[in-house]
Amino acid sequence: MNKMIEEAINVLKENDRGGYTVPTSRLYPFQWNWDSGFTALGLWRFNKWRAWLEIISLLDAQWENGMIPHIVFRQNDPDYYPGPDIWNSNNEPPSSCLSQPPVLSSVVWQMVDKGTPYDARKAKEIFSRLMASHRWFMDSRDPVNKGVIAAIHPWETGRDNCPDWDMGLKNVEVPKELESYARRDIIHVDTEQRPTKVEYDKYMSIVHFGKKVGWNDNVIYNEGPFLMADPGIQFILLRATKDLLRLAHHLRMNAALDEINNWIEKLTKGSAWLWNETVGGFCARDMRTGKFSDGITNASMLCFYAHVGDNLQREKMATHCERILKKCKYAFPSWDPEHKCFNKIRYWRGPVWLIMNYMIEKGLNEMGYDKLAQRIADDSKKLVNTAGMAEYFDPIEGSPLGGANFSWTAAIYLEMNSVDISKNITEN
Ligand code: DGY
């Protein structure tokens with residue numbers, strides 16, 4: 001077996017905490033929502049039941065209202081801030097009180113589509129839970145029925161410090177009564193590669209507001225300090241809903257079809273609201289002011305993955321893709337390298353993330369942009385082969401950034417190499 005593939009498997013095994021996988025030790029010592037989704041894809045390549053267990057354990061933390069929280073705290077750990085006592089979720093297992101990009105239905109569909117009757121049986125067991133999580137997004141993050149999903153916190157987008165959120169964060173006031181706190185992330189990772197203190201103060205201010213209103217989704221939507229539309233969440237949810245429809249057909253869940261089709265129609269219409277004519281691309285947008293972000297990101301490129309946009313819009317997005325790839329040695333940066341806010345090492349303000357590359361590549365391939373897709377696949381493999389399973393990578397130098405031995409990078413590496421190693425592992 002190729003040495004890097006073996007290493008990727010080892011990373012997933014080392015990050016296994018018994019039924020769930022941490023993104024990496026110390027920096028992220030709990031279960032994260034979309035991390036677990038992508039991790040399941042990698043696990044599935046060599047251990048199917050463990051992949052399903054990853055998903056089932058995440059769903060075990062699903063809230064009664066259908067929300068799958070972004071972090072599940074099964075124990076306290078002083079290595080991370082803000083931990084369970086700060087969120088105060090008041091449920092079991094304790095969790096954070098907002099969600100994350102909903103990749104789960106797409107992951108499940110892939111496991112069923114490529115899998116066996118065992119996979120279909122496992123999917124059937126959790127189908128109603130997937131429905132509930134989609135219903136929660138549609139009801140709680142789009143209560144006005146606009147077809148545009150709102151993010152109530154940059155953490156919900158998973159792209160925490162992307163310049164997309166700068167305008168929304170500007171409006172967030174830091175309350176005087178905000179508890180003082182000590183960040184832990186910058187003990188584990190170089191400060192230059194993480195969000196700034198100003199950003200963290202704002203992140204904690206939004207948490208402070210949420211706690212004050214008892215995490216009431218309605219109040220947060222109408223009065224919360226931050227409300228932005230994210231092409232990442234919008235396109236990932238739309239794609240996941242289309243995959244949920246495929247799953248429903250496959251499992252003959254006919255009673256669910258109308259509701260799912262209705263969601264697809266709404267989200268497709270709503271996606272048009274994210275088209276920024278000035279930039280000629282899909283961009284984040286402030287829900288309250290209607291003001292657009294002005295940068296092309298790796299989330300903008302997920303329009304291909306969601307199959308949205310007319311022909312002209314797709315051509316414009318493909319042209320952006322080519323232009324940006326010319327500026328970077330390694331695809332695909334999280335922020336436009338020609339924009340003044342680009343920073344090649346600071347988290348989501350420039351670096352490359354393999355999970356995003358995976359979704360962009362898949363979308364480009366499906367929409368017939370094979371050459372662009374190939375470049376992204378090749379760069380992704382090159383990055384891991386030379387820099388290892390880092391959390392994220394410098395798009396210019398190719399150097400590893402953030403946490404090391406990262407689960408989702410390892411998982412996507414296995415997925416991109418289409419590794420079928422289940423046999424070898426069972427025999428070992
Ligand atoms: C972090 O702690 O950096 C996470 O992105 C929040 O989910």
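What you are looking at is a predicted structure, and each value in this text was computed from that prediction instead of being measured. Remember, it's 1-based here, ligands and their atoms both numbered in the order they're listed.
At under 3.5 Å, a nitrogen or oxygen of Trp32, whether backbone or side chain, sits near a nitrogen or oxygen of ligand 1.
Neither the backbone nor the side chain of Tyr203 comes within contact range of ligand 1; no heavy atom lies under 4.0 Å.
Among all protein heavy atoms, the one lying closest to atom 2 (O) of ligand 1 is Tyr80 OH, 2.6 Å. The nearest protein atom to atom 5 (O) of ligand 1, hydrogens excluded, is given as Asp160 OD2, 2.6 Å; this is a heavy-atom distance. Protein heavy atom closest to atom 7 (O) of ligand 1, with residue, atom name and distance, is His70 NE2, 2.8 Å. The protein heavy-atom contact nearest to atom 3 (O) of ligand 1 is Arg194 NH2, 2.8 Å.
For Thr268 and Ser271, the side-chain atoms include no donor-acceptor pair closer than 3.5 Å.
Applying the salt bridge (Lys or Arg N to Asp or Glu O under 4.0 Å) test to Arg288 and every residue at least two apart in sequence or in another chain returns nothing. With sequence neighbours excluded, no residue forms a ring-ring contact (aromatic ring centres under 6.0 Å, His included) with Trp63.
Formation of a donor-acceptor pair under 3.5 Å by the Lys122 side chain with backbone atoms of Trp52 is not found in this model.
Between Phe73 and Tyr80, the ring planes lie tilted relative to each other; the angle falls in the 30° to 60° range.
Within the structure, the closest approach of Phe30 to ligand 1 does not fall below 4.0 Å when heavy atoms are considered.
Close approach to Tyr28 involves these atoms of ligand 1, each under 4.0 Å from a residue heavy atom: 1 (C), 2 (O), 3 (O).
By the 6.0 Å and 45° rule, Arg183 stacks over the aromatic ring of Tyr200.
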